[in-house]
Every structure is written in C-alpha cells, then in structure tokens.
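Data first, discussion second: the structure below is written as structure tokens.
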Amino acid sequence: SLPPVVGFWGHYSAMAVDPSDDCTFWFTAEYIGEPAPFFEYSRIGFARMLGDGSNDGGFAHYLFTAYPQSNNGVIVTDLAARSDGGAIFIGQSYNNQIRSPTVIGRLTDAGALDTNFNAQGYRLISGSALTGNLASATVPERVRTQPDGKVLAIINAGTEAPLNYCAGVVRLTTGGALDSEFGAGAGTVCYAPATASPFAAASDLALLSDGSILIAGEATHVGGSGLDMVVARLAPGGALDTTFGSNGWAFVAFDQGGQL
C-alpha cells in the first residue's frame, strides 16, 4: 500500500519488447521502499515477463537506487531492450529532496547492473554537462540503443527561474563513457531556437539510416506566442542540421494557423 502523502502513482513506468524473440517483455516502475515522503525513498524495480504473461523465473527483479544514502530516490522514464540481451534504462535521481542528475543504466540479461558499463552499471549525467550552468536541472525522457551498441538519450536541461530549457541529446559509448565522437567531443548537445525567451523540450527521438537523429517536442519560435510542436534534425555527430526546416527546426505553428 502507499503512504497517504503520495496521492498518485504510476506516472513513471516503461515497457519494452525484447528483440531476441518479440515475445518477452521488460517492465520497470518506481515504488516506495519504506514509509517516507514521496520521491525521496522511491526505487526502481525491474521485471521480465514471458509471452504467456508469467514472470521470468530466471530474472533477478533487480532493485536500483543511485545513491548509497538513505534519503534518496529514483524514478524511471524509459526502458529499451537490447538486441544482444539485457536492457538500458533512464531515470531521474533524487538526493536529499533535491532534483539531481539523470541516471542511465544498463542491465544484463539476468537483470543485474552490467559492470561493463561505466564500471558500476550506470552513469549520472548532470545538467551542467548539457548547458555548462551548474544551476541547471535535468529532465530525462527517452533512451535508445544504436545498431553499434552506443546509447542515445534525450535529457532536457535548464533552469526554472528564469524558465530557460534546451532540448538535450546525450550519446554514450558501449562502455558507458560520454562519446567523444558526438557533440564536438563533449558527448552531449543541447539546443533551443534563437528567440527572446528560448525554450525547447524534446520528448522522443528517431535514429535514421544515415546516422542522423530526429528529435520531436515543443519549443518557442520567432513570431509565436507560446510553445508549438517542433521537429529538429541532428547530424550523426550531433550538430544541428541547419538545412532542415528553418535553421534546423520544423514547426507546426498552431498559433499562426499551422495544421498537421
């Protein structure tokens, strides 16, 4: 049962189909580890279900928290099964009631943290790694694996006051390091259209056959009165492709008569 303070649940969960057989399902969600204020004691639980709906008895049902202290928590935002076995997950870590870095982790096929991935099985990504601003928070959204095993993730970053966010993409090597071949060596990029009050937040991504990346979400734009749907295209190395749309951004400007 949930403590009365929680009030709602299930906002952060994900499921993925295992590409090895298209009949095994990976599932993850957060849970309260002990009576406590909301997120501060939340944990990520993983389960794997077979095609008939039964639990996979060989799976470890791994429970994850990003910090060793007692007053901390983790929520999950996405999960992706890997073609070579195991899964990648992304979530938001909390520490002492402060929103902390994004966590990207890798599980083995048996459900344990994969120590071949950044030695401890996960990597923390701070907002400053995306924006250069130590005050930046992160908002993780999606995680995907490339055909070469590298990890692509959407992590929006910025500040609440003033409201200033950019749509971020992070790429990690198969070993869990920031990919020096992406983002001019940084392994991260974060973009927003050039407006008086720049704001962009991506919610999904697609990897194209030529290695370029599409990200989709919402953003401000010149002449607009609010946020509109937007798609941006990145070159394989992470640079914004300015030949796409208007300087790299293609808007559906609803406030200017735009239609889908």
Locate the shortest heavy-atom distance separating Pro198 from Asn164; write the atom from each residue and the value. O-OD1, 3.4 Å
Atom CG in Leu113, atom CZ in Phe89: separation rounded to 0.5 Å? 5.5 Å
If I take atom CG from residue Leu205 and atom CG from residue Leu234, how far apart are they, to the nearest 0.5 angstrom? 9.0 Å
Val103, Val76, Thr138 screened by side-chain contact (heavy atoms from CB on, under 4.5 Å) with Gln92, the one that passes: Thr138
Would you check if Pro147 and Leu207 make a side-chain contact, meaning some heavy-atom pair closer than 4.5 Å? yes
Salt bridge (charged side-chain N to carboxylate O under 4.0 Å, His left out) partners of Asp179, counting only residues at least two apart: Lys150, Arg171
With heavy-atom distances below 4.5 Å as the criterion, would you say the side chains of Thr131 and Cys166 are in contact? yes
I need the Arg233 CZ to Ile213 CD1 distance, nearest 0.5 Å. 12.0 Å
Can you measure from CG (Asn156) to CZ (Phe199) and round to the nearest 0.5 angstrom? 7.5 Å
When you compare the side chain of Thr102 with that of Thr77, does any pair of heavy atoms fall below 4.5 Å? no
Under 4.5 Å between side-chain heavy atoms, counting indirect links through other Ile/Leu/Val/Met/Phe/Trp/Tyr residues: same cluster for Leu240 and Leu130 or not? no
Using atom types as modelled and distance alone, determine if a side-chain donor or acceptor of Arg106 lies under 3.5 Å from a backbone N or O of Asp114. no
Of all heavy-atom pairs linking Arg82 and Leu107, the shortest is NH1-O, 3.2 Å
Enter the distance from Leu172:CG to Thr188:OG1 here, rounded to the nearest 0.5 Å. 10.0 Å
Short question: side chain of Ser212, backbone of Leu208 - any donor-acceptor pair under 3.5 Å? no
Considering all heavy atoms of both residues, which atom of Phe117 and which atom of Thr174 are nearest to each other, and what is their separation? CD1-O, 3.8 Å
Nearest 0.5 angstrom please: Asp204 CG to Arg144 CZ, how far? 5.0 Å
Find out if a path of hydrophobic residues (ILVMFWY) with successive side-chain heavy-atom gaps under 4.5 Å connects Ile88 to Ile154. no
Same cluster for Tyr165 and Phe251 if Ile/Leu/Val/Met/Phe/Trp/Tyr side chains link at under 4.5 Å? no
For the side chain of Asp78 and the backbone of Val143, is there at least one donor-acceptor N/O pair under 3.5 Å apart? yes
State, to 0.1 Å, how close Ala202 and Ile215 come at their nearest heavy-atom pair, and which atoms those are. CB-CB, 4.2 Å
Membership question, hydrophobic clusters at under 4.5 Å side-chain separation (ILVMFWY): are Leu152 and Tyr191 in the same one? yes
For Ile90 versus Ala153, what's the shortest heavy-atom pair and its separation? CD1-CB, 3.8 Å
Might you point out which heavy atoms bring Phe182 and Val169 nearest each other, and give the distance in Å? CE2-O, 3.6 Å
